[in-house]
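As structure tokens, the structure follows; a few thoughts come after it.
Note that these values count all heavy atoms, side chains included, but never hydrogens, waters or copies made by symmetry.
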Amino acid sequence: MASDELAKKLQSRMAATQEVEPRPEPVPSPVPSPVRPKPQQEAEGACGGEPSSSSELSAVLTRRQDINDGTAAPCRNRVFNPYTEFKEFTRKQIKDMEAMFKRYDTGRDGFIDLMELKLMMEKLGAPQTHLGLKNMIKEVDEDFDGKLSYREFLLIFRRAAAGELQEESGLMALARLSEINVSTEGVMGAKDFFEAKMQALSLGSKFEAEIQEEKDERKRQEVDKKQRQAAFKQLQSAFCS
């Protein structure tokens with residue numbers, strides 16, 4: 001009897017030691033949230049960066065919505081040389097355009113806004129409606145800021161010279177009524193835009209040829225001067241001997 005009880009105790013103890021402890025359930029690792037580009041990065045992409053083809057349209061639409069909401073980050077101003085980018089115009093024409101731009105940029109902020117454009121068109125004798133003024137800006141507004149930069153102002157005259165503006169558009173009236181002598185058939189009286197470019201190139205070649213001719217003339221003068229000095233030294237040595 002005692003042996004049976006002892007055997008039962010041993011069996012129960014062995015069963016207790018063989019019980020497997022429950023394993024803790026694995027904790028799921030946190031899923032990383034998608035990284036959203038910073039507003040500055042979105043603005044840079046919409047201002048002329050290099051967004052991927054899949055996000056380019058989204059960036060442009062996002063910036064357009066931000067502009068409408070008034071929360072868009074300002075684009076970085078592009079530094080450009082009008083004399084190298086707008087080679088179809090002479091230096092005098094570009095200086096005249098710059099003077100006209102500064103004359104109507106009454107805010108001195110480097111832009112012509114809607115009200116300044118309204119004043120310009122009234123003084124030129126071709127007043128426009130509010131919608132007409134907005135359409136004028138929209139036609140050359142590359143950065144969608146609702147105003148004209150100096151480069152966008154030059155684009156008006158480039159498009160007028162190339163015959164790309166509608167005859168009754170406000171921009172054509174601006175180009176025609178301005179004091180700047182830019183023919184709508186081409187630059188400098190050429191029949192078309194491409195002839196004007198060839199003419200500008202020929203003028204540039206002529207200018208370079210004149211500079212080279214001046215350099216050659218200075219070299220000839222230096223050679224003549226050295227020859228005269230050498231002859232004088234020979235004459236001087238003959239008298240002294």
Residue pairs involving residues 219-230 (criterion salt bridge (charged side-chain N to carboxylate O under 4.0 Å, His left out); sequence neighbours excluded) =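 Matches after skipping sequence neighbours: Glu217-Arg220.
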Distance check, rounded to the nearest 0.5 Å: [X] atom [atom1] versus [Y] atom [atom2]?
X      : Y      : atom1 : atom2 : answer
Arg158 : Leu165 : CZ    : CG    : 12.5 Å
Glu139 : Asp141 : CD    : CG    : 11.5 Å
Leu119 : Leu114 : CG    : CG    : 11.5 Å
Lys92  : Met97  : NZ    : CE    : 10.5 Å

Results of side chain to side chain donor-acceptor pair (under 3.5 Å) for Asp109 - residues two or more places apart only =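 Here no residue qualifies.
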Listed by chain and number, what are the side chain to side chain donor-acceptor pair (under 3.5 Å) partners of Arg103, not counting sequence neighbours?
->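 Expected list: none.
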Test salt bridge (Lys or Arg N to Asp or Glu O under 4.0 Å) applied to Glu152 - qualifying residues, sequence neighbours left out |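 Here no residue qualifies.
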Using every non-hydrogen atom in the two residues, find where [X] and [Y] come nearest and quote the distance to one decimal.
X      : Y      : value
Leu117 : Leu148 : CD1-CD1, 4.4 Å
Leu177 : Ala126 : CD1-CB, 3.6 Å
Asp105 : Phe111 : OD1-O, 2.7 Å
Phe89  : Ile94  : CB-CG1, 3.8 Å
Leu154 : Pro82  : CD1-CB, 3.8 Å

Output every pair passing side-chain hydrogen bond (donor to acceptor under 3.5 Å, both in side chains) with a member in residues 113-138, not counting sequence neighbours, ordered by first then second residue.
->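 Matches after skipping sequence neighbours: Thr106-Glu116, Lys118-Glu122.
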Which side-chain hydrogen bond (donor to acceptor under 3.5 Å, both in side chains) pairs, counting each pair once, include a residue from residues 160-169, with sequence neighbours left out?
->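 For residues 160-169: Glu167-Arg176.
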ring-ring contact (aromatic ring centres under 6.0 Å, His included) involving Phe153 - partner list, sequence neighbours excluded =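 With sequence neighbours excluded, Phe153 shows a ring-ring contact (aromatic ring centres under 6.0 Å, His included) to Phe101, Phe157, given in chain and number order.
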Can you find a pair of side-chain heavy atoms, one from Arg151 and one from Phe86, that are under 4.5 Å apart?
->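 Arg151 vs Phe86: side chains touch.
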Using the test side-chain contact (heavy atoms from CB on, under 4.5 Å), find all partners of Arg91 that sit at least two apart in sequence or belong to another chain.
->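 For Arg91 the side-chain contact (heavy atoms from CB on, under 4.5 Å) partners, ignoring immediate neighbours, are Tyr83.
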For Leu171, does its backbone N or O pair with a side-chain atom of Arg159 as donor and acceptor, under 3.5 Å?
->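 Such a contact is absent between Arg159 side chain and Leu171 backbone.
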